[in-house]
Amino acid sequence: MQYKIPRGTFDILPSDTWRWQVVINAYREVACAYGYEEIVTPIFEQVELFERSSGENSDIVQKEMYRFQDKKERWLALRPEGTAPVVRSYVENHLDAQSRITRLFYIGPMFRYDRPQAGRYRQFYQYGAECIGSHHPYFDAEIIAMQSTFLTKLGLKDIILEINSVGCPECSKEYDQALSKYFDQYKDELCPDCQNRLQTKPRRLLDCKVPHCKSLAVKAPLLTEYLDNDCKEHFSQVQNYLKMMDISYQINPRIVRGLDYYTHTAFEFLNMSLGAQNAISGGGRYDGLISQVGGKDIPAVGIAGGFERLLLSLDQEKISLGERPTPIAYLVLAGEQAKELGIKLLKDWRQAGFAIAHDPEKDSFKAQLKAADNSQARYALIIGDDEITQEIVTVKDLRHGEQKSCSIKDVAYLLLQGLE
RNA sequence: GUGGAUGUAGUUCAAUUGGCAGAGCACCGGAUUGUGGUUCCGGGCGUUGUGGGUUCAAGUCCCAUCUUCCACCCCA
């Protein structure tokens, strides 16, 4: 029986893991610079947490969540997103009592049952950040700035930032009614999907891709016209801060968030060269969420992004992340005595932190050097009868071929300094 | 969930109207038993994704199924 990886999942192989490390480390660094600290939460949570936060009618909850019952028949779900668990932990551990503003970030796998496609998987890896504790527009801008710094640091250029305000629940409600009213007059012209959306989420009509729906959407009322004064003021303040930070953006009144908990600012970072799955990160403010899941009435703003699409973008823009790490040296052993001493030295060197490759199954000198070449090691450390009698090691630079004798205790020094 | 493509050696790809399943790269071994990268020589019985069917004969035709990809949908 040949076992196969489950649909929509993928292995990250050694040829690629280092690239993931680079990107993940870069994110940790940027988050740290902005004062965010890492939080790790479980991969599964109570189903209700997601139902309550994302919204019972959201697609995520309705059809994409992996649910299961444990032996005590508790309903659990593999987390489909990261914000709800972080907020749950924040409330449960009373993090609000420790400081007024709590800055958190996370990295880890998320799960959604969806039809796989490039840049879309059933188990995918997300990073995200949440700034909890203030309604101040500065924090909206800060979290956007952090993402911008991250993408810039990786070297991505083909990125667009789109922002919008989805208002507070009050103006939001008013707007939805206006929108329904507008589209209702064209009810029969809408595509089946949109007829559905008209009932459940009128805002989704705004980004339908069917040409006729699109043309109807052009004249639809915009949320910006329905924002109350506070919401308008907040949105313009966010923009001011973005300008102060020299971050360019476009306002896209059609940005809609898929999850119910968003209020005020909503934004997306897009890479236009990516095809349909082109949103590499997105987020927004969620002032009502914390109280919704049982905490105090504390405002917050957050962002989440996917590593798969990020790596696709890097490929697309041909941005190198460096090179796959290779051993610094390969140990070549000839003769019984050398083998005995060599194995001991190998362990010592490795213990000292040097990445040294060796293969005891390669017998001939030639095969060992060939393996050394193949391993991409910088040096070959050669020990044979000659070296044993003189108590030395021959160090050969595999790039140029020059070699040098050196006493056993100086090998480590030579590996650090080079042959010169 | 909907529509359309795809699947042959580790990998990239070949295989005329159905007629013995092949090549480049990679990999392994060798070319006077302590010197690799170049060169030369040698090395592949692969459940042609899987299961059925048609046929004397199926990688090739038919059906089913799975995977991946593209778009929709959704989302980060």
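The basis for the numbers below is simple: all heavy atoms, side chains too, and nothing from hydrogens, waters or symmetry mates.
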A:Ile382 near the nucleic acid: base, sugar-phosphate alone, or nothing, with a heavy-atom cut-off under 4.0 Å? base
Centres of the A:Tyr261 and A:Tyr286 rings: under 6.0 Å? yes
So, does A:Arg7 get its side chain near the phosphate of B:U68, meaning an N or O under 4.0 Å from OP1 or OP2? yes
Base, sugar-phosphate, or nothing for A:Asp193, non-hydrogen atoms under 4.0 angstrom? sugar-phosphate
Give one of base, sugar-phosphate or nothing for A:Ala304, where a contact means two heavy atoms less than 4.0 Å apart. sugar-phosphate
Wobble G-U and Watson-Crick pairs count when both distances are under 3.5 Å; given that, what is the 5' to 3' dot-bracket string of RNA chain B, with | for pairing to other strands? (((((.(..((((.....[..)))).(((((.......))))).....(((((..]....)))))).)))))....
Sorted by chain and number, sequence neighbours left out, ring pair (Phe, Tyr, Trp, His ring centres under 6.0 Å) with A:Phe139 holds for none
Charged N to carboxylate O below 4.0 Å: is that the case for A:Arg28 and A:Glu38? yes
Could you check whether A:Phe307 gets within reach of a base, just the sugar-phosphate, or nothing at all, counting any heavy atom under 4.0 Å? nothing
Side-chain N or O of A:Gln117 less than 4.0 angstrom from OP1 or OP2 on B:A71? yes
Taking the six-membered ring where the residue is Trp, are the ring centres of A:Tyr36 and A:Phe105 under 6.0 Å apart? no
Taking any heavy-atom pair under 4.0 Å as a contact, classify A:Ala334: base, sugar-phosphate, or nothing. nothing
Counting only pairs under 3.5 Å, give me each side-chain donor-acceptor contact of residues 13-20 of chain A, with atom names and distances, residues two or more places apart or in other chains.
from	atom 1	to	atom 2	distance (Å)
A:Thr17	OG1	A:Pro14	O	3.4
A:Trp18	NE1	A:Ser15	O	3.1
A:Arg19	NH2	A:Asp315	OD1	2.9

